[in-house]
Amino acid sequence: MSIGLTFTGKIDSPRALLEGAQALARERDYALRAGEGGLKIVMCPLGGELGLQWRPEGDPAGPWLVRGGCRSTPAGAGLHRAAVELLDLLPIRALTVEDETGFYRHRDFQRMKEEHFYPWLRTLVDVCRQESGKGVSGMQLCWDLEQYAPRDIPDTVITPVGRFRLSELVELEAQGIEALAGRFFLWNGRTRDARFYRNRAINALWEDCCFAPSARSGEDAAGNAAILDDLERAARMDPSLPLPRSAYEEVCALAGRAPVLPDGPALAEEFSPGYRRDLVTYGVGALRLTLPGGCLQGWEPWQNGGGAHLWTDGKGPVWRVSAYRMREGTAQFTENLDALHGVEGRTLKGGALRWGWKEVFEDGERLYQAECEVIAGPDLYFITVTCAGPVELGPVAELIGKVSVVSSAAREETVRAQ
């Protein structure tokens with residue numbers, strides 16, 4: 001259901017293409033990621049990148065074959081136009097472009113929006129219209145299934161630019177498709193205008209921001225600063241544009257930065273920005289783990305190879321998850337939990353769980369550690385939660401109570417539904 005383009009062509013060498021891409025990225029303030037077999041020019045969030053891969057046509061001295069593409073939804077028509085402009089300027093010969101919108105050929109931006117992007121958006125609204133008022137749960141539009149799942153609120157829809165009541169998107173469409181597109185698409189205009197910077201900030205507020213002090217981590221500092229910079233730039237470009245002013249002031253306080261937005265309209269939102277203010281659910285294989293959204297996620301490598309998924313907010317419990325798969329048959333609980341305090345278990349739909357706790361000592365400090373094993377078919381997941389004091393074990397027990405598993409068939413069904 002996505003809109004995009006693909007292309008093929010020839011280049012003299014990967015180095016020549018990389019140098020041309022680097023120059024364009026600097027000129028247009030895009031990010032560039034390169035590897036041995038290709039590169040990506042990142043123009044905006046929500047998958048807003050032009051990807052290119054290359055291989056020798058025969059003689060490694062050249063020429064080389066190149067292919068790639070760009071998926072333009074849900075970012076918007078502005079991204080599609082920007083991707084076509086990059087193809088115009090990159091040093092690619094014998095370029096053949098398959099553009100389902102026809103924009104590469106006719107270059108009529110408004111026509112592209114009206115014939116392709118607006119019908120695409122109307123289709124999403126039709127889905128919301130059909131489900132509105134039914135108390136539907138777990139509805140997501142254009143949401144990346146590889147990341148966390150926000151808390152569900154019945155009869156609402158989760159999108160990268162905010163949570164909406166299903167009826168709200170229908171009402172916005174009734175006001176005019178252009179108004180809805182300006183709110184839903186991150187990049188709906190021809191250029192990176194005020195709405196682009198506002199919507200990029202809104203996406204970051206909803207999807208990425210932990211609403212944690214910038215002093216907590218470099219990730220928080222960079223994210224908070226980018227949100228404030230984008231909103232302040234949007235206000236300079238268009239003082240009449242409604243902005244999420246309460247969230248702006250909150251992030252200013254977290255960043256230790258004085259608010260400088262001039263007086264102007266506030267963006268009307270029923271729900272305060274920030275999925276990560278609440279509990280969110282992460283997927284590790286078949287395991288579903290619900291944790292505070294303010295935790296930073298990472299990977300902890302082990303000296304002997306492998307590692308564990310890690311979540312921490314820097315002051316509370318530290319969660320780690322490692323996964324193992326049986327070569328044959330169904331996984332079984334180990335005997336490691338037998339010596340723990342308060343061991344208990346329960347049956348899950350599609351699996352089972354056991355957990356308990358113990359005291360541990362690290363660098364002479366007494367800590368408390370919950371250990372949990374989860375079985376899902378041939379997979380065994382091992383969860384440890386390290387706490388500074390016994391009082392933290394109660395909230396940990398509540399979160400372990402939310403652990404669930406999904407079957408591979410259910411995961412495939414979810415992907416098809418998206």
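Position 1 is the first residue of the sequence; numbering continues from there.
Side chains of Thr386 and Gln369: a donor on one and an acceptor on the other come within 3.5 Å. Inspection of the Asp193 and Thr191 side chains reveals no N or O donor paired with an N or O acceptor under 3.5 Å. There is no side-chain donor-acceptor pair under 3.5 Å between Ser2 and Thr73.
Between the side chain of Asn199 and the backbone N or O of Gly182 there is at least one donor-acceptor pair closer than 3.5 Å. Side chain of Tyr381 to main chain of Ala286: a donor-acceptor pair is present (N/O by atom type, distance under 3.5 Å, no hydrogens or angles). No side-chain donor-acceptor contact under 3.5 Å links Arg190 to the backbone of Ala77. Between the side chain of Arg195 and the backbone N or O of Trp187, no donor-acceptor pair lies under 3.5 Å. No donor-acceptor distance shorter than 3.5 angstrom exists from the side chain of Arg192 to the backbone of Gly189, with no hydrogens or angles considered. The closest donor-acceptor contact from the side chain of Glu173 to the backbone of Leu169 lies at 3.5 Å or more, if one exists at all. Of the possible donor and acceptor atoms, none in the side chain of Asp152 sits under 3.5 Å from a partner among the backbone N and O of Ser137.
Using a cutoff of 4.0 Å between basic side-chain nitrogens and carboxylate oxygens, Arg354 and Glu373 are not scored as salt-bridged. Glu398 has no carboxylate O lying under 4.0 Å from a charged side-chain N of Lys402, or vice versa, which leaves the two without a salt bridge. Using a 4.0 Å cut-off between charged side-chain N and carboxylate O, Arg233 and Asp230 make no salt bridge. Residues Glu207 and Arg276 are not paired through a salt bridge, judged by the lack of any N-O separation under 4.0 Å between the basic side chain and the carboxylate. Electrostatic pairing of Glu250 and Arg277 counts as a salt bridge here, judged by a charged N lying under 4.0 Å from a carboxylate O. The residues Arg71 and Glu49 are annotated as not salt-bridged, no charged nitrogen and carboxylate oxygen being separated by less than 4.0 angstrom. By the 4.0 Å N-to-carboxylate-O rule, Asp229 lies close enough to Arg257 to be salt-bridged with it.
Here the SG atom belonging to Cys210 is positioned 5.5 Å from the CG atom belonging to Asp220, to the nearest 0.5 angstrom. Interatomic distance, CG of Leu32 versus CZ of Arg26, reported as 9.5 Å (0.5 Å rounding). Rounded to the nearest 0.5 angstrom, Leu243 CG and Glu232 CD are separated by 10.5 Å.
Counting heavy-atom neighbours within 6.0 Å of Glu98 CD, excluding the residue itself, gives a total of 12 or less. More than 12 heavy atoms of other residues, nucleotides or ligands sit less than 6.0 Å from atom CG of Asn304. For Glu219, the CD atom sits in a loose shell: 12 or fewer heavy atoms of surrounding residues, nucleotides or ligands are nearer than 6.0 Å. The environment of Arg67 atom CZ is sparse: at most 12 non-hydrogen atoms of other residues, nucleotides or ligands sit within 6.0 angstrom.
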Exercise. When you look at Glu168 and Arg183, which way does the salt bridge (charged side-chain N to carboxylate O under 4.0 Å, His left out) test go after all the steps?
Worked result: CA-CA 12 Å; Glu168 183 180 358; Arg183 179 66 179 86; over 6 Å; no

For this session: Check step by step if side chain to side chain contact (heavy atoms under 4.5 Å, CB included) holds for Leu5 and Ser72.
Result: CA-CA 8 Å; Leu5 59 83; Ser72 308; 5.6 Å; no

Problem set entry | Stepwise salt bridge (charged side-chain N to carboxylate O under 4.0 Å, His left out) check, Arg245 with Glu249 | CA-CA 6 Å; Arg245 293 177 177 274; Glu249 292 179 1; over 6 Å; no

For this session: Kindly indicate, with the supporting measurements, whether the criterion side chain to side chain donor-acceptor pair (under 3.5 Å) is fulfilled by Thr290 and Thr281.
Result: CA-CA 4 Å; Thr290 299; Thr281 300; 2.8 Å; yes

For this session: Let me see the working for Glu270 and Arg163 under salt bridge (charged side-chain N to carboxylate O under 4.0 Å, His left out), right down to the final yes or no.
Result: CA-CA 9 Å; Glu270 178 179 349; Arg163 185 190 294 276; over 6 Å; no

Exercise. Hey, mind stepping through Asp313 and Arg216 against side chain to side chain contact (heavy atoms under 4.5 Å, CB included) and telling me if it holds?
Worked result: CA-CA 9 Å; Asp313 66 359; Arg216 183 179 74 161; 3.7 Å; yes

For this session: Would you please test Phe382 and Trp355 for ring-ring contact (aromatic ring centres under 6.0 Å, His included) and show each step?
Result: CA-CA 10 Å; Phe382 186 53; Trp355 81 283; over 10 Å; no

For this session: Would you sort out whether Tyr197 and Leu231 count as a side chain to side chain contact (heavy atoms under 4.5 Å, CB included), showing the intermediate values?
Result: CA-CA 7 Å; Tyr197 290 105; Leu231 290 176; over 6 Å; no

Exercise. Please walk me through it: do Arg129 and Glu171 pass salt bridge (charged side-chain N to carboxylate O under 4.0 Å, His left out)?
Worked result: CA-CA 10 Å; Arg129 183 181 291 108; Glu171 292 166 1; over 6 Å; no

Exercise. Going through the checks in order, is the side chain to side chain contact (heavy atoms under 4.5 Å, CB included) test met by Ile375 and Leu353?
Worked result: CA-CA 6 Å; Ile375 289 173; Leu353 174 154; over 6 Å; no

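Judged by a 6.0 Å distance limit and a 45° cone about the ring axis, Arg111 is not positioned over the six-membered ring of Phe109.
The salt bridge (Lys or Arg N to Asp or Glu O under 4.0 Å) analysis of residues 2-22, with sequence neighbours excluded, yields the pairs Lys10-Glu57, Asp12-Arg93, Arg15-Glu19.
Tyr282 and Tyr148 have perpendicular rings, their planes meeting at more than 60° on a 0 to 90° scale where under 30° would count as parallel. Between His309 and Trp299, the ring planes lie perpendicular to each other; the angle is over 60°, past the 30° to 60° tilted range.
Note: Trp143 and Tyr275 meet the aromatic proximity criterion, with ring centroids under 6.0 Å apart.
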